[in-house]
Amino acid sequence: MKVLIVIPARYPSTRYPGKPLVGLRGATGESRSLIQRTWEAGMAVKSADRVVVATDDDRVREAAEAFGAEVVLTSDKARNGTERCSEALAVLGGGYDIIVNLQGDAPLTPPWFIEELVTQLEGHPTAEVATPVLRCDGRALKDFLSDRKEGRVGGTTAVFSRDRRALYFSKEVIPYTSEEYGDDDPTPVFHHVGVYAYKPSALASYPLLKMGPLEQLEGLEQLRFLEHEHPMLCVQVEARGHKFWELNNPGDVARIEAMLLAMGIE
């Protein structure tokens with residue numbers, strides 16, 4: 001089985017222009033760009049045969065090539081990371097059994113999240129796409145609720161059926177719960193980790209699917225699969241003490257840098 005990891009990186013951003021090149025200081029005080037830290041996360045995945053950065057921007061290309069990444073140039077027509085991954089696969093000529101979309105704003109993704117994702121998708125008889133979910137503890141849930149209360153769009157939450165088939169994803173905190181949780185208590189809310197694994201046919205078909213109202217409202221690319229009834233598997237992963245957050249807003253820089261420091265990541 002051949003596994004390709006694609007890191008889609010788009011320089012313009014409504015919420016955070018130039019985000020791929022934003023510096024993040026690690027535990028030693030060294031600053032490395034968001035795209036470099038995400039690429040390093042992809043390179044740590046043992047099951048990956050190839051890791052590429054996919055972009056349409058020369059600034060991102062030059063920065064990525066400077067730290068040693070392989071870059072695939074895509075057009076500026078891609079509306080989201082999945083479309084960019086589909087285009088990158090076509091540019092590379094296919095030949096992969098599973099393609100992983102490691103979104104460029106997820107530098108804290110540990111390798112076992114992706115390795116478990118690939119294993120589960122490979123062995124599933126019907127799923128065409130798989131994505132990891134991480135059970136929130138009370139501290140993470142408070143962060144989600146705080147972001148929403150202050151008008152920030154933070155991470156995404158996921159709900160799924162007993163057989164782990166995805167039911168919905170939202171930038172709101174779902175499901176609603178009125179319970180109070182201690183910082184280390186498990187909660188019924190699952191953080192959707194911004195990684196996808198696709199079988200080639202599903203990825204190739206994605207740009208041909210019409211964008212539906214839910215994708216447009218939420219701004220979440222994975223909802224296109226659900227709106228067209230393509231089965232998506234939610235794979236529950238374990239943090240193993242590793243902290244996780246995505247860089248969605250400028251305020252997330254300090255949060256991620258604090259996590260890098262706490263985990264001793266250079």
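Each residue takes its place number in the sequence, starting with 1. Every heavy atom of this structure was used, including side-chain atoms; hydrogens, water molecules and symmetry mates were not.
Of the residues listed (L226, L214, T157), the one engaging F169 in a side-chain contact (heavy atoms from CB on, under 4.5 Å) is L226, and it is the only one.
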Verdict with supporting geometry, T38 and D105, side-chain contact (heavy atoms from CB on, under 4.5 Å):
CA-CA 7 Å; T38 305; D105 57 7; over 6 Å; no
Would M263 and H242 count as a side-chain contact (heavy atoms from CB on, under 4.5 Å) if you check the C-alpha gap in whole Å, the side-chain angles of each, and the deciding distance to 0.1 Å?
CA-CA 7 Å; M263 292 185 287; H242 187 97; 3.6 Å; yes
Using the rule given for side-chain contact (heavy atoms from CB on, under 4.5 Å), can you reason through V235 versus L233, listing the C-alpha separation, both sets of side-chain angles and the distance that settles it, and then say yes or no?
CA-CA 6 Å; V235 176; L233 180 69; 3.9 Å; yes
Stepwise side-chain contact (heavy atoms from CB on, under 4.5 Å) test for T109 and I114
CA-CA 8 Å; T109 306; I114 298 175; 4.2 Å; yes
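Note on F113: it clusters hydrophobically with I265, by side-chain heavy-atom contacts below 4.5 Å among ILVMFWY residues. Both V195 and L108 are part of a single hydrophobic cluster, where members link through side-chain heavy atoms under 4.5 Å apart.
Annotation: the span from R139 atom CZ to D184 atom CG amounts to 5.0 Å, rounded to 0.5 Å. Within the model, atoms CG of L21 and CG of L34 stand 8.5 Å from one another, a figure rounded to the nearest 0.5 Å. Put simply, NE2 on H230 and OG1 on T126 are 13.0 Å apart, with the number rounded to the nearest 0.5 Å. Note that CZ of R164 is 9.0 Å distant from SG of C234, once rounded to the nearest 0.5 Å. Here the CD1 atom belonging to I99 is positioned 9.0 Å from the OG atom belonging to S86, to the nearest 0.5 angstrom. To the nearest 0.5 angstrom, E246 atom CD is 8.0 Å from I256 atom CD1.
Under 4.0 Å is where a charged nitrogen must lie from a carboxylate oxygen, and between R224 and E83 at least one such pair does. Taking 4.0 Å as the cut-off between side-chain N and carboxylate O, R148 and E172 count as a salt-bridged pair. Using a 4.0 Å cut-off between a side-chain N of Lys or Arg and a carboxylate O of Asp or Glu, R10 and D76 do not qualify as a salt bridge.
Annotation: ring-ring contact (aromatic ring centres under 6.0 Å, His included) contacts involving residues 52-81, sequence neighbours excluded, comprise W39-F67. The side chain to side chain donor-acceptor pair (under 3.5 Å) analysis of residues 193-204, with sequence neighbours excluded, yields the pairs T82-Y198, N101-Y198, Y196-Q222. Applying the ring-ring contact (aromatic ring centres under 6.0 Å, His included) test to pairs two or more places apart or on separate chains, those with a residue in residues 132-152 are F144-H191, F144-W245. Residue pairs that meet the salt bridge (charged side-chain N to carboxylate O under 4.0 Å, His left out) test with at least one member in residues 111-127, sequence neighbours left out, do not exist here. Pairs passing the salt bridge (charged side-chain N to carboxylate O under 4.0 Å, His left out) check and including a residue from residues 55-74, sequence neighbours excluded, read R50-E70, D56-R84, D57-R59, D58-R61, R61-E65.
The two atoms that bring V6 and A54 nearest to each other are CG1-CB, 3.7 Å, heavy atoms only. Annotation for A130 and L121: closest pair CB-CB, 4.0 Å, computed over non-hydrogen atoms. The shortest non-hydrogen separation linking G95 to K2 is O-CD, 3.7 Å. Closest heavy-atom contact between I5 and A48: CD1-CB, 3.6 Å. In this structure, V129 and A202 approach most closely via the heavy-atom pair CG2-CB, 4.2 Å. Scanning both residues, Q103 and P8, for their nearest heavy atoms gives CA-CD, 4.3 Å.
With a 4.5 Å cut-off on side-chain heavy atoms, V51 and I7 count as touching. A 4.5 Å side-chain heavy-atom check between M1 and I98 finds at least one atom pair inside the cut-off. Put simply, the side chain of P132 does not reach to within 4.5 Å of the side chain of W112, judged on heavy atoms. A 4.5 Å side-chain heavy-atom check between L89 and L203 finds at least one atom pair inside the cut-off. Counting only heavy atoms from C-beta outward, the side chains of E221 and Y206 approach each other to under 4.5 Å. Looking at heavy atoms from C-beta onward, V53 lies out of side-chain contact with V72 at the 4.5 angstrom threshold.
Checked by atom type and distance alone, the side chain of E227 pairs as donor or acceptor with a backbone atom of E215 at under 3.5 Å. Checked by atom type and distance alone, the side chain of D252 never pairs as donor or acceptor with a backbone atom of R255 at under 3.5 Å. The closest donor-acceptor contact from the side chain of D185 to the backbone of G182 lies under 3.5 Å.
With sequence neighbours left out, the side chain to side chain contact (heavy atoms under 4.5 Å, CB included) criterion links E218 to Y168, S170, K171, L220, L223. Under the salt bridge (charged side-chain N to carboxylate O under 4.0 Å, His left out) criterion, R152 pairs with D147, E150, sequence neighbours left out. By the side chain to side chain contact (heavy atoms under 4.5 Å, CB included) test, V253 is found to be paired with Y16, V22, L24, L247, E257, residues two or more places apart in sequence or in another chain being considered. Residues forming a side chain to side chain contact (heavy atoms under 4.5 Å, CB included) with L167 (at least two apart in sequence, or on another chain): V159, S161. Listed by chain and number, the residues in a side chain to side chain contact (heavy atoms under 4.5 Å, CB included) with P186 are R135 (sequence neighbours excluded).
Atom CD of E266 sits in a sparse spot, with 12 or fewer heavy atoms from other residues, nucleotides or ligands closer than 6.0 Å.
Cluster partners of F160, using a side-chain heavy-atom cutoff of under 4.5 Å among ILVMFWY residues and allowing indirect links, are V133, F190. Counting side-chain heavy-atom gaps under 4.5 Å among Ile, Leu, Val, Met, Phe, Trp and Tyr, L209 is found in no cluster with other residues.
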